[in-house]
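Worksheet: one structure, shown below.
Side-chain atoms are counted along with the backbone in the values below, which use heavy atoms only and exclude waters and symmetry mates. In the text below, chain A, chain B and the rest are named by the order of the sequence lines, each starting its count at 1.
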Amino acid sequence: MSTTRPSELEKAFDPSRFEDRWYAHWIALGVFTARPASSRPPFSMVIPPPNVTGRLHMGHALNNTLQDILARWRRMKGDDVLWLPGTDHAGIATQMVVDRELAREGTSRQTLGREAFVARVWTWKEEYGGAIIAQLKRLGCSCDWTRERFTMEPALSRAVREVFVRLYEDGLIYRDKFIVNWCPRCRTAISDLEVIPHETQGHLYTIAYPYSEGGGAIEVATTRPETMLGDTGVAVHPEDERYRDKVGRTVILPLVGRRLPIVADAFVDRAFGTGAVKITPAHDANDYAAAQRTGLPVLVVMDEEARMNDNVPAPYRGLDRFEARRRVVEDLKAAGALRSVKDHVHNVGRCQRCQTVVEPYLSTQWFVRVRPLADAAVQAVADGRVRFTPPHWVNSYNEWMSKIHDWCISRQLWWGHQIPAWYCDACGHVTVARDTPAQCAACGTAAPWQDPDVLDTWFSSALWPFSTLGWPESTPELRRYYPGTVLLTAFDILFFWVARMVMMGLRFMGDVPFRRVYITGLVRDAEGQKMSKTRGNVVDPLELIARHGADAVRFTMAAMTTPGGADLPLSEERMAGYRAFANKIWNAARFVLMNLGEAGAAPRPPAVPARDALTLPDRWILSRLARLAADADAALSEFRFDEMANALYQFLWHEYCDWYLEMAKPHLAAQAAPADAARTRSVLLHVLERVLRLLHPVMPFLTEELWQRLPHEGESIALAPYPAPEEARRDDEAERRVALLMEVVGKIRNVRAELNIDPGRRLPLRYHASDDEAARTLAGARAVLITLARLEDAQEASGLDGLGPAARAVAAGVDLAVPLAGVLDVGSERRRLEREIEKLSREREGHARKLGNADFIGKARPEVVEKVRAIHRELDEKANRLRRTLVSLEGTGDASP
RNA sequence: AGGCGCGUAGCUCAGGGGGAGAGCGCUACCUUGACACGGUAGAAGUCAGCGGUUCAAAUCCGCUCGCGCCUACCA
């Protein structure tokens with residue numbers, strides 16, 4: 001970095017000129033690198049690992065901005081921050097990407113074979129997989145890139161295997177034949193969470209199954225008539241009078257001719273449909289369970305792509321399930337077995353990834369027995385080892401945990417952690433081991449074959465908080481940074497990820513993976529619609545960064561984050577507003593630099609004098625700064641990103657720029673005393689330098705660029721301390737007196753605007769202060785008053801009668817008059833005063849009512865009563881003074897046109 | 001079917017027993033040597049509705065009405 005500081009900034013702020021440069025600077029300095037050997041308190045977070053195939057979307061922009069704010073804030077506060085980044089291998093998504101690539105080349109995964117395919121995926125990952133990492137850097141994320149992790153790298157794969165083996169040995173992982181959610185397009189099992197229910201207009205078909213011995217038929221209802229080909233029974237409720245005598249008899253399955261027993265099982269809802277249910281054990285989870293209970297046989301009638309297999313009559317073999325449905329319905333109709341077809345709205349589960357209708361399918365899979373893990377995870381939240389913000393998410397968490405089913409973790413994919421189980425053809429033994437076994441653990445036969453399936457990507461993500469720190473080794477990092485301080489993510493992966501990390505952390509580390517979970521809402525479009533490719537309303541954060549700068553994007557995310565965790569409707573207008581804010585700061589700094597004089601060349605900021613040597617505005621802005629420093633820090637401590645952002649916005653724009661800079665101007669003018677100017681510069685610089693530091697966690701690039709141009713100590717603002725509030729600078733008197741000054745200026749500006757007086761015209765001011773503090777304030781700030789209100793002079797008078805035509809106003813303890821001989825329109829002035837009196841009276845009314853209520857006087861807290869009295873007194877007194885003015889105005893009509 | 005959340009200015013949202021707030025937008029005026037990505041002044045609200053508690057309710061409680069979201073094996 002250059003050590004020279006150009007004294008003048010470009011007129012407009014242009015983030016593209018410096019963002020990349022400062023990011024490189026931070027990396028070169030090692031600002032983001034955690035120091036496990038440091039004696040500072042650790043602060044740690046793991047990034048929610050984005051898919052290695054992923055591109056940065058607004059959700060990433062939101063939660064990584066918030067994490068970065070915390071990381072930079074804690075780092076400046078002196079913590080040893082570890083923000084650990086990385087990506088996950090995204091089994092299905094990545095396999096699909098490479099599948100497509102192969103298809104374009106006219107080949108396929110099957111042609112290549114497994115080993116070559118996996119090698120090909122790695123090649124793809126090396127070439128394209130890191131895109132999102134570069135995008136996070138564009139956002140300014142201060143992750144420790146020296147510790148970047150990937151779920152498929154050897155160390156993390158080892159952790160996955162270790163966990164699998166231990167859970168298996170503890171009986172918490174088992175292999176079983178069960179109905180799973182099967183995606184016929186992805187040709188793999190998926191977990192309950194990956195099935196998205198879609199409300200769908202379908203049909204309820206009622207079909208007659210004739211009794212074998214004749215004498216009518218039993219009617220059953222179904223939404224999936226093609227499954228009848230796999231029926232092995234009919235069930236009724238054991239206490240259903242209608243069917244009591246039918247249990248034990250048999251019916252003939254239409255189109256197939258198979259004889260099906262009628263069984264009794266309490267799962268049947270007597271009120272639904274006909275009260276009799278066809279049982280298709282291999283293609284429905286409830287039916288499978290019922291079949292297990294009643295001993296009905298199980299018949300699989302579809303293949304892995306959901307085409308009817310050879311277990312169905314010849315005409316249906318090879319048909320896709322939906323084609324089979326049409327044919328079955330047609331044939332049933334022709335056979336006279338179809339009794340009715342009714343419109344029926346029901347939920348159809350679709351594959352989260354490809355939208356294909358999920359088929360409940362009987363297959364052999366690996367499962368995690370989650371009940372014991374879930375119970376422990378619920379307990380950890382109940383006793384406060386993990387705290388949620390906002391807290392209402394605990395309800396959802398608990399409810400999900402209480403209804404949880406075993407987790408199907410095997411996937412019929414090639415890209416992922418292959419399941420460490422080996423089968424022996426000789427004796428049938430299953431060997432589950434950390435290392436590839438040379439022989440069967442039971443019979444010693446050589447070379448058992450490994451299960452071809454891989455594990456759910458979320459299985460490895462669940463280990464992320466400790467696998468990334470070196471587990472199962474007890475590394476210094478693991479001992480120092482586990483559990484994490486905070487985990488920050490959106491609510492949509494609360495169950496997928498957060499809940500599972502808590503379970504695994506408790507199981508394998510004996511403690512929760514993080515103390516605090518901060519859950520954000522989802523970023524939506526400006527109309528509040530969820531962003532999706534199909535809607536075409538996806539906003540690319542990188543384009544926003546290009547248009548407004550990373551700092552404006554980040555500030556928007558922070559300012560829009562609500563404490564209730566509500567969704568964020570993204571408004572580009574608002575973002576443009578925050579870019580304007582960045583420009584405002586840029587120009588405030590520009591002003592300061594332009595007025596620096598030789599102080600600009602000093603290596604460090606000049607010291608600010610003690611209170612006695614300061615002007616009222618100096619004392620005021622320093623007091624406001626002290627308050628801001630305390631408020632911003634407190635806000636971040638409570639995850640109130642919005643409050644922190646708004647406090648900074650308010651201070652910088654409306655206090656520092658609107659008032660302090662303006663009040664400083666007369667002190668910097670050529671004719672001002674050198675000492676006066678020097679003191680003013682010291683305050684200007686001091687406040688700016690500190691507020692840049694307070695702002696740095698949200699707007700890292702802009703603050704670095706400006707800070708480097710000011711006199712400063714250190715190599716980066718990212719390494720500068722977060723300013724502690726300077727309690728000694730708190731100054732209630734200065735705040736009170738400047739408030740009066742602002743009120744007086746406001747009144748005069750109001751007079752000017754409402755009486756349509758040329759903004760450039762300098763006005764005379766006469767005032768009468770009825771209390772000593774007000775008199776001292778106005779006299780002491782005469783130059784300021786003249787500048788801010790554009791006056792020609794400001795003179796105190798013992799009374800304001802006899803001035804002739806003058807616009808009049810009142811502030812707290814001060815009467816104001818702007819003599820306007822020859823200009824004042826008495827009619828306008830009268831109307832203006834009447835409006836003002838009216839406003840004051842309306843405000844006064846509510847207070848008067850309270851004071852007239854004996855119960856209020858008697859029961860309200862005394863300080864409240866006193867406050868209401870004071871307000872009432874002030875409003876009353878102001879209104880009275882204006883009324884007297886109004887009366888005196890009646891005598892002066894000379895300037896009326 | 002259960003659960004959670006939300007209805008405050010035109011829009012997006014803070015606030016949460018004691019003078020209704022912010023940003024953007026809107027109106028009028030203004031290129032004043034930091035900034036027109038700017039300045040000054042202003043208009044704008046039955047705090048969804050009804051009832052209750054309280055001296056006092058936008059705020060606490062109950063009900064109603066709207067709107068979201070999550071969970072669930074209704075064939």
Rounded to whole angstrom, note down the [atom1] distance from [N] over to [M].
N: B:C11; M: B:G25; atom1: C1'; result: 7 Å
N: B:C69; M: B:C13; atom1: P; result: 14 Å
N: B:A41; M: B:C60; atom1: P; result: 35 Å
N: B:C6; M: B:U59; atom1: P; result: 14 Å
N: B:C61; M: B:G2; atom1: C1'; result: 23 Å
N: B:C65; M: B:C74; atom1: P; result: 26 Å
N: B:C50; M: B:C29; atom1: P; result: 41 Å
N: B:A1; M: B:U8; atom1: P; result: 27 Å

Within less than 4.0 Å of OP1 or OP2 of [N], is there a side-chain N or O belonging to [X]?
X: A:Arg590; N: B:G38; answer: no
X: A:His654; N: B:G23; answer: yes
X: A:His344; N: B:A75; answer: yes
X: A:Asn750; N: B:U40; answer: no
X: A:Tyr649; N: B:C24; answer: yes
X: A:Trp659; N: B:U40; answer: no
X: A:Thr222; N: B:A75; answer: no

Should the side chain of [X] and the base of [N] be counted as holding a donor-acceptor pair, with the cut-off at 3.5 Å?
X: A:Lys584; N: B:C35; result: yes
X: A:Glu843; N: B:G19; result: yes
X: A:Lys665; N: B:A34; result: yes
X: A:Arg752; N: B:U40; result: no

Touch class at under 4.0 angstrom, heavy-atom based, for [X] against every strand present:
X: A:Glu662; result: base
X: A:Ala285; result: nothing
X: A:Val864; result: base
X: A:Ile857; result: nothing
X: A:Thr223; result: sugar-phosphate
X: A:Asp269; result: base
X: A:Arg790; result: base
X: A:Ser396; result: nothing
X: A:Arg579; result: base
X: A:Arg640; result: sugar-phosphate
X: A:Asn347; result: base
X: A:Phe495; result: sugar-phosphate
X: A:Asn853; result: sugar-phosphate
X: A:Leu661; result: base

Shortest side-chain distance from [X], nucleotide among [options]:
X: A:Leu204; options: B:A75, B:C55, B:U40; value: B:A75
X: A:Lys859; options: B:A41, B:G19, B:C55; value: B:C55
X: A:Trp653; options: B:G39, B:G3, B:C74; value: B:G39
X: A:Asp658; options: B:C29, B:A41, B:G39; value: B:G39
X: A:Arg524; options: B:A43, B:A14, B:C69; value: B:C69
X: A:Asp855; options: B:A75, B:G19, B:C55; value: B:C55
X: A:His346; options: B:A14, B:A34, B:A75; value: B:A75

Could you tell me how far apart [X] ([atom1]) and [N] ([atom2]) are, to the nearest whole angstrom?
X: A:Glu10; N: B:C35; atom1: CD; atom2: P; answer: 14 Å
X: A:Arg842; N: B:A43; atom1: CZ; atom2: P; answer: 9 Å
X: A:Met575; N: B:C37; atom1: CE; atom2: P; answer: 19 Å
X: A:Ile279; N: B:C73; atom1: CD1; atom2: P; answer: 17 Å
X: A:Phe178; N: B:C73; atom1: CZ; atom2: P; answer: 11 Å

| request: Please state whether the rings of A:Tyr288 and A:Phe178 are parallel, tilted or perpendicular, taking 30° and 60° as the class boundaries. | output: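 Judged by the thresholds at 30° and 60°, the geometry between A:Tyr288 and A:Phe178 is perpendicular.
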Any salt bridge linking [X] with [Y]? Criterion: basic side-chain nitrogen under 4.0 Å from a carboxylate oxygen.
X: A:Lys878; Y: A:Glu843; answer: no
X: A:Glu219; Y: A:Arg339; answer: yes
X: A:Glu754; Y: A:Arg831; answer: no
X: A:Glu877; Y: A:Arg873; answer: no
X: A:Arg709; Y: A:Glu705; answer: yes

Where RNA chain B forms runs of at least three Watson-Crick or G-U pairs (i with j, i+1 with j-1, under 3.5 Å), the stems are B:1-7 with B:65-71, B:10-13 with B:21-24, B:26-30 with B:38-42, B:48-52 with B:60-64
**Study point:** Any side-chain donor near an acceptor of the partner, A:Ser191 and A:Glu194, under 3.5 Å
**Key:** yes
For this session: Test A:Phe388 against A:Trp393 for ring pair (Phe, Tyr, Trp, His ring centres under 6.0 Å), laying out the working first.
Result: CA-CA 7 Å; A:Phe388 281 76; A:Trp393 287 109; 8.5 Å; no
Value for CZ (A:Arg844) from CD1 (A:Ile871), rounded to nearest 0.5 Å, stands at 13.5 Å
Distance col, row A:Arg579:CZ vs A:Asp551:CG, nearest 0.5 angstrom, shows 13.0 Å
With A:Phe581 as partner, the option from A:Tyr649, A:Trp586, A:Phe651 fulfilling ring pair (Phe, Tyr, Trp, His ring centres under 6.0 Å) is A:Tyr649
Whichever of A:Phe591 and A:Gly275 has the more 5' nearest nucleotide on RNA chain B, that residue is A:Phe591
Residue mapping more 5' on RNA chain B - nearest nucleotide basis, A:Arg574 or A:Ala580: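 First, find each residue's nearest nucleotide; the 5'-ward one identifies A:Arg574.
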| query | Does the side chain of A:Leu668 reach to within under 4.5 Å of the side chain of A:Arg681, using non-hydrogen atoms? | reply |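 With C-beta onward as the side chain, the pair touches.
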